[in-house]
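In what follows, residues are counted from 1 in the order of the sequence shown. The model shown is predicted, which means the values in this text are computed figures rather than measured ones.
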Amino acid sequence: LLKKKGAKVSMTRTGDTDVYGPNASDSQELQARVDVAEDNDADAFVSIHINSSTNKSVGGFSSYYYPKTNNDARLAQAVQDRLDALGIRKANFYVNKRCSMPSTLLELAFISNPKEEKLMNSNWYINKLAKSIADGIEDYFK
């Protein structure tokens, strides 16, 4: 979707594999993700995740940022506005803190919530989330 909008997209990974390699420490793995963005001179870094909780009734989305540039909160808010969700939050997440460009880490639903798990297993919902994220990124660059 972003490529169709004219963006150059660099993925840190396209499957459930380590970026750094097997037996990497947490910081090595996270730094490898940051390195992909830095090596590709990215204008923004968006890290997408699915949340989980021991409380199965917890649900919703959230966007996190680390205020290292004047645009980190603006990027998180632009995407969050399209997701119509819980709001943005400051967080000391490695990837947000260590990359030089504006960044946000998105938590899309809770896999531990049965209703949200069902949604996350449907193509129409995944496509809706992808469109919302792409539209939010586009809004940020306007």
Side-chain angles (χ1 to χ4, degrees), residues 1-21 24-142:
L1 293 173
L2 288 170
K3 286 179 182 179
K4 287 180 184 176
K5 293 176 181 289
K8 177 186 167 200
V9 177
S10 301
M11 303 289 286
T12 57
R13 59 190 186 150
T14 57
D16 192 14
T17 58
D18 290 332
V19 179
Y20 184 89
S25 68
D26 289 345
S27 61
Q28 287 172 319
E29 179 61 23
L30 294 171
Q31 185 60 48
R33 296 171 191 198
V34 169
D35 291 345
V36 170
E38 297 291 346
D39 292 345
N40 285 284
D41 294 321
D43 293 319
F45 182 94
V46 179
S47 186
I48 302 171
H49 302 262
I50 299 173
N51 218 334
S52 185
S53 174
T54 55
N55 181 346
K56 295 191 181 300
S57 66
V58 173
F61 314 117
S62 30
S63 301
Y64 297 89
Y65 71 97
Y66 183 81
K68 66 186 175 311
T69 76
N70 292 332
N71 292 312
D72 292 280
R74 195 169 68 81
L75 173 61
Q77 190 65 60
V79 175
Q80 191 68 33
D81 288 347
R82 290 295 186 142
L83 291 170
D84 190 31
L86 299 173
I88 66 170
R89 300 175 180 157
K90 287 183 192 177
N92 193 19
F93 291 141
Y94 189 101
V95 294
N96 292 98
K97 188 175 180 180
R98 302 287 176 135
C99 60
S100 61
M101 73 286 307
S103 63
T104 186
L105 185 147
L106 308 174
E107 289 285 1
L108 303 177
F110 280 74
I111 198 75
S112 52
N113 178 309
K115 290 179 184 176
E116 292 188 0
E117 179 186 20
K118 185 176 180 179
L119 288 171
M120 294 302 289
N121 280 310
S122 63
N123 285 335
W124 72 268
Y125 192 71
I126 295 295
N127 291 332
K128 178 182 174 182
L129 291 176
K131 182 178 182 329
S132 295
I133 294 167
D135 289 347
I137 293 169
E138 181 181 37
D139 292 345
Y140 167 77
F141 283 104
K142 285 184 179 175

Would you indicate whether the side-chain heavy atoms of [Y] and [X] approach each other to under 4.5 Å?
X: I137; Y: V79; value: yes
X: C99; Y: K68; value: yes
X: D72; Y: P67; value: no
X: D26; Y: Y94; value: no
X: I50; Y: E116; value: no

Requested in this report: Evaluate side chain to side chain contact (heavy atoms under 4.5 Å, CB included) for H49 paired with L108, printing each intermediate quantity in order.
Outcome: CA-CA 6 Å; H49 302 262; L108 303 177; over 6 Å; no
Apply salt bridge (charged side-chain N to carboxylate O under 4.0 Å, His left out) to [X] and list each qualifying residue two or more places apart in sequence or on a separate chain.
X: R13; result: D16
X: E38; result: none
X: E107; result: none

Requested in this report: Output all residues satisfying ring pair (Phe, Tyr, Trp, His ring centres under 6.0 Å) with Y140, sequence neighbours left out; order by chain, then residue number.
Outcome: none
Requested in this report: Please list, chain by chain and in numerical order, all residues satisfying ring pair (Phe, Tyr, Trp, His ring centres under 6.0 Å) with Y64, sequence neighbours excluded.
Outcome: F93
Roughly how far, to the nearest 0.5 Å, is [atom2] of [Y] from [atom1] of [X]?
X: N127; Y: L1; atom1: CG; atom2: CG; result: 7.5 Å
X: I111; Y: L119; atom1: CD1; atom2: CG; result: 10.0 Å
X: L129; Y: I48; atom1: CG; atom2: CD1; result: 9.0 Å
X: F45; Y: L105; atom1: CZ; atom2: CG; result: 8.0 Å
X: R74; Y: Y65; atom1: CZ; atom2: OH; result: 13.5 Å
X: K128; Y: I126; atom1: NZ; atom2: CD1; result: 12.0 Å

Under 3.5 Å donor-acceptor, [X] side chain and [Y] backbone:
X: K118; Y: N113; answer: no
X: N96; Y: N92; answer: no
X: S112; Y: S53; answer: yes
X: Q80; Y: I88; answer: no

Query raised in the report: With D139, which residues qualify under side-chain hydrogen bond (donor to acceptor under 3.5 Å, both in side chains), at least two apart?
Result: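 Residues passing side-chain hydrogen bond (donor to acceptor under 3.5 Å, both in side chains) with D139: R82.
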Query raised in the report: Just wondering, are more than 12 heavy atoms of other shown residues or ligands nearer than 6.0 Å to CG in D39?
Result: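 Yes, because the 6.0 Å sphere around CG of D39 holds more than 12 heavy atoms from other groups.
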Query raised in the report: Does K5 pair with D135 as a salt bridge, N-O distance under 4.0 Å?
Result: yes
Query raised in the report: Which atom names give the shortest non-hydrogen contact between S100 and T69, and what distance separates them?
Result: O-CG2, 3.7 Å
